[in-house]
Amino acid sequence: MFFRKFGEKLKSLFGGRKIDEAFFEELEDTLIEGDLGARLTDEIVEELRETARREHITEAADLQKRMKELLSAYIRAYDEKPEKGSLNVYMILGVNGVGKTTTIAKMAKLFSGEGYKVLLAAGDTFRAAAVDQLEIHADRLGMRIVKQQMGSDPGAVIYDAITSAQSHGDDLILADTAGRMHNKENLMKELQKMDKVIRAKGVDEAHYRRFLVIDATTGQNGVSQALLFNQAVKLDGIILTKYDSAAKGGALVQIGRTLGLPILFVCVGEKYDDIRPFDKEEFLSSLMGLE
Ligand SMILES: Nc1nc2c(ncn2[C@@H]2O[C@H](COP(=O)(O)OP(=O)(O)OP(=O)(O)O)[C@@H](O)[C@H]2O)c(=O)[nH]1
Ligand SMILES: [Mg+2]
């Protein structure tokens, strides 16, 4: 499933040929195309050149496993679960259109299927119809939702949601957030305000997580998005969406290298069940065309 096209390219590149200068040049182009970025690409190619020289490796195939190991150092699955019987808050962040609201609906279904009492918080009060969109999912899935009208303070929405979840005995709040405001600074300020309210309501660090949604089709931009959001509210992990539309996720490796963030889910379509827990081994194997 993961990285099919990119993986196929790597597979044919590493298959049945001798290592020469042309090999390293092709490898470099392929990695850039796969959104690994110039710096990481250079680093990997240099490391593989050095390995080949040092160990007198002449077959490209013998470098394939080495490259997998290099990438493996940057990739990690987020494997914590929200603690049942306590109130956990997951804030779902990301620029507009990446799939936050859809992913929240998928996560709501998944977690309630695992026995969590889930509450949705309609924290995107900026975009017209954002509240309605989440409410439609809540109705379809039979989830509780806390909302206010468009234009209201998202800090107030999350405040109400926490109060409601506490009195209702919920385990998990999934909070939607705006992806766009008048400008980036406004958006970051709003998110920081929500963050403050959550902490002020007594949700401790162990039960509060910030996940950034990254759209696989946006490529390298994902890296700057991660840096930006991480600066505003310290991130705990990444969710990759639209992996069905673009089998490229090199940005994930870059984010892992730059921020050390683990990956929680990969989403592969628009239906509620199109969400998969991140599987590092599967991801790396298909990335490398080793399936
Ligand atoms: N193919 C595909 N489409 C997806 C996936 N996740 C979300 N989408 C689609 O992407 C579009 C945007 O999704 P939303 O959930 O509205 O994105 P958002 O981040 O909440 O957007 P804003 O509220 O505008 O910031 C919708 O048409 C979704 O159906 C996915 O994994 N694969
Ligand atoms: Mg949305």
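Along the sequence shown, residues are numbered consecutively beginning with 1. Order of appearance sets the numbers: ligands from 1, and atoms from 1 within every ligand.
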Per-atom contacts, ligand 1 versus [X] - under 4.0 Å to a heavy atom:
| X | result |
| --- | --- |
| Ser245 | 1 (N) |
| Val98 | 19 (O) |
| Val268 | 31 (O) |
| Asp124 | 23 (O) |
| Asn96 | 24 (O), 25 (O) |
| Lys100 | 15 (O), 17 (O), 18 (P), 19 (O), 20 (O), 21 (O), 22 (P), 25 (O) |

Quick one: look up the protein heavy atom nearest [atom] and list residue, atom name and how far away it is.
| atom | value |
| --- | --- |
| atom 8 (N) of ligand 1 | Lys242 CE, 3.8 Å |
| atom 30 (C) of ligand 1 | Gly269 O, 3.2 Å |
| atom 24 (O) of ligand 1 | Arg127 NE, 3.1 Å |
| atom 32 (N) of ligand 1 | Asp244 OD1, 2.8 Å |

[X] versus ligand 1: do any nitrogen or oxygen atoms come within less than 3.5 Å of each other?
| X | value |
| --- | --- |
| Tyr243 | no |
| Gln133 | yes |
| Thr102 | yes |

Glu59 vs Arg17, test: side chain to side chain contact (heavy atoms under 4.5 Å, CB included). Steps then yes/no.
CA-CA 6 Å; Glu59 296 296 326; Arg17 70 185 277 180; over 6 Å; no
Cation-pi geometry met for Lys201 and Tyr159 (6.0 Å, 45°):
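Yes.
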Tyr208 six-ring face occupied by Arg210 cation (under 6.0 Å, within 45°)
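Judged by the rule, Arg210 and Tyr208 form a cation-pi pair.
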Quick one: do [X] and [Y] make a salt bridge, cutoff under 4.0 Å?
| X | Y | result |
| --- | --- | --- |
| Glu282 | Arg276 | no |
| Glu33 | Lys9 | yes |
| Lys109 | Asp273 | yes |

Do you see a donor-acceptor pair shorter than 3.5 Å between the side chains of Thr125 and Lys147?
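Lys147 and Thr125 do not have a side-chain donor-acceptor pair below 3.5 Å.
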Does a donor on one side chain and an acceptor on the other come within less than 3.5 Å for Arg127 and Gln133?
yes
Determine yes or no for a side-chain-to-main-chain donor-acceptor pair under 3.5 angstrom, with Glu135 supplying the side chain and Ile145 the backbone.
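Judged by distance alone, no pair lies under 3.5 Å.
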Kindly assign one of parallel, tilted or perpendicular to the pair Tyr243 and Phe283, based on the angle between their ring planes and the thresholds 30° and 60°.
tilted
If the contact criterion is a heavy-atom separation under 4.0 Å, does His137 count as touching ligand 1?
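In this structure, His137 fails to qualify as a contact of ligand 1 - no heavy atom is under 4.0 Å.
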Yes or no: does Gly97 have any heavy atom under 4.0 Å from an atom of ligand 1?
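The answer is yes, since Gly97 has a heavy atom less than 4.0 Å from ligand 1.
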What about the rings of Phe265 and Tyr78, do their centers lie closer together than 6.0 Å?
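Not under 6.0 Å, so no.
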Give a yes or no on whether Thr101 keeps an N, O or S atom under 2.8 Å from the Mg ion (ligand 2).
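Of the N, O and S atoms in Thr101, at least one lies under 2.8 Å from the Mg ion (ligand 2), which means yes.
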Using heavy-atom distances, let me know which of Val95, Thr101, Leu93, Asp176 sits nearest atom 20 (O) of ligand 1.
Thr101
Evaluating non-hydrogen atoms only, which member of Lys106, Arg180, Glu270 is closest to atom 3 (N) of ligand 1?
Glu270
